[in-house]
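Read through the structure below, which is laid out as structure tokens, and then see the notes.
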Amino acid sequence: MPLVNMKPLLRHAMDNGYAVAAFNLVDYGTTKAMVAAAEELNAPVICQTSAKTIQYWSHREIVSWVRTVADDSAVPVVLHLDHCKDLAMIEACAREGWTSIMIDASSMPFDENLEVSKRVRDIAEKYGVGMEAELGQIMGVEDDMHVAEEDSVLTDPEDARVFCDALDLSAFACAVGTAHGFYKGEPKVDFDRIEAINKATRTPMALHGGTGLSDDTFAKAIARGSAKVNISTNLKHVFVDSFVQYTKDKPGDYEPLRVIDAQYKACKDLFGGFIEKFGGKDRAPAFMAQHG
Ligand code: 13P
């Protein structure tokens with residue numbers, strides 16, 4: 001089916017107590033694997049792109065991969081732009097076929113962040129796509145943006161209410177104690193804050209920094225309004241490790257198709273595991289009955 005807008009999908013997820021898994025695609029194989037995993041579980045999925053991945057491949061190539069696999073599948077698929085500061089790139093994504101865009105102006109003071117995010121809201125409205133924006137500073141490294149632990153600022157629920165009221169977001173990214181990349185110690189996720197932000201905003205929350213969180217943490221965050229869970233680092237590791245493992249297990253096998261097939265299968269298993277964990281299994285029909 002054609003790509004879907006992220007807004008109704010995340011509303012459906014929040015209203016029904018599950019989260020849609022969002023994976024940062026690397027190439028055509030990982031894109032195909034995430035949609036195949038979703039299809040096997042009859043679940044929706046979000047294929048998201050880091051800005052540097054778009055710079056590496058191009059808008060045209062990425063949109064052609066995602067459209068190809070989504071058009072051939074029977075489940076709802078979103079093409080979303082992850083953390084981006086560049087308004088020209090954001091507008092290019094909306095124009096070229098992304099069905100959701102993200103502005104990350106979270107390093108700016110509140111008023112400037114809101115101002116820039118409002119400009120992106122106008123872009124999202126112009127092209128009829130979903131939108132995510134961020135308030136607070138999430139720790140760790142994502143797409144060459146680095147936030148040290150001491151610089152991380154957890155999101156204030158009252159500020160979140162003002163921010164979300166002004167923007168009508170599909171997804172609200174906020175700092176609740178999670179971090180991009182692998183955790184060094186035990187993550188200190190602030191579940192009360194998630195709940196308070198959700199009460200104040202009534203906006204589906206995007207839980208960033210999904211790699212390394214426990215099943216219990218996912219379940220608690222989702223029960224409190226996290227409707228989109230982002231996974232990137234875990235995918236990067238499985239992508240590279242499965243290649244290395246194959247060459248160790250089968251030294252001298254230089255058939256590329258067997259190597260990329262091993263990577264594809266490992267990534268697909270990873271995606272399926274997360275989709276199921278987030279409660280996405282068998283959610284596609286109910287969403288499509290309302291929005292198909
Ligand atoms: P991880 O890299 O920790 O999985 O976080 C992904 C993310 O939040 C992308 O925006």
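Counting starts at 1 for both ligands and their atoms, in listed order. For clarity, every value in this text was computed on a predicted model and none was experimentally measured.
- With Thr53 contributing its side chain and Val26 its backbone, the two residues share no donor-acceptor pair below 3.5 Å.
- Note on ring orientation: taking the six-membered ring where Trp is involved, the planes of Phe163 and Phe172 are tilted (angle from 30° to 60°).
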Can you list every pair where an N/O of ligand 1 is under 3.5 Å from an N/O on the protein?
{"residue": "ligand 1", "atom": "2 (O)", "partner": "Thr233", "partner atom": "N", "Å": "2.9"}
{"residue": "ligand 1", "atom": "2 (O)", "partner": "Thr233", "partner atom": "OG1", "Å": "2.5"}
{"residue": "ligand 1", "atom": "3 (O)", "partner": "Gly181", "partner atom": "N", "Å": "3.0"}
{"residue": "ligand 1", "atom": "4 (O)", "partner": "Thr211", "partner atom": "N", "Å": "3.2"}
{"residue": "ligand 1", "atom": "4 (O)", "partner": "Thr211", "partner atom": "OG1", "Å": "2.5"}
{"residue": "ligand 1", "atom": "4 (O)", "partner": "Ser232", "partner atom": "N", "Å": "2.8"}
{"residue": "ligand 1", "atom": "4 (O)", "partner": "Thr233", "partner atom": "N", "Å": "3.4"}
{"residue": "ligand 1", "atom": "5 (O)", "partner": "Gly209", "partner atom": "N", "Å": "3.3"}
{"residue": "ligand 1", "atom": "8 (O)", "partner": "His180", "partner atom": "NE2", "Å": "3.2"}
{"residue": "ligand 1", "atom": "8 (O)", "partner": "His208", "partner atom": "ND1", "Å": "3.4"}
{"residue": "ligand 1", "atom": "8 (O)", "partner": "Gly209", "partner atom": "N", "Å": "2.8"}
{"residue": "ligand 1", "atom": "10 (O)", "partner": "Asp82", "partner atom": "OD1", "Å": "3.2"}
{"residue": "ligand 1", "atom": "10 (O)", "partner": "Asp82", "partner atom": "OD2", "Å": "2.7"}
{"residue": "ligand 1", "atom": "10 (O)", "partner": "His83", "partner atom": "NE2", "Å": "3.2"}
{"residue": "ligand 1", "atom": "10 (O)", "partner": "His208", "partner atom": "ND1", "Å": "3.1"}
{"residue": "ligand 1", "atom": "10 (O)", "partner": "Asn230", "partner atom": "ND2", "Å": "3.2"}

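- More than 12 non-hydrogen atoms from other residues, nucleotides or ligands lie less than 6.0 angstrom from CZ of Phe191.
- If you chain together hydrophobic residues whose side chains sit under 4.5 Å apart, Met205 and Met139 never meet in one group.
- Evaluation of the side chain to side chain donor-acceptor pair (under 3.5 Å) test over residues 29-42, restricted to residues two or more places apart or in two chains, returns Asp27-Thr30, Glu40-Lys268.
- Ring-plane geometry between Phe23 and Phe274 is classed as tilted, the angle between the planes lying from 30 to 60 degrees on a 0 to 90 degree scale.
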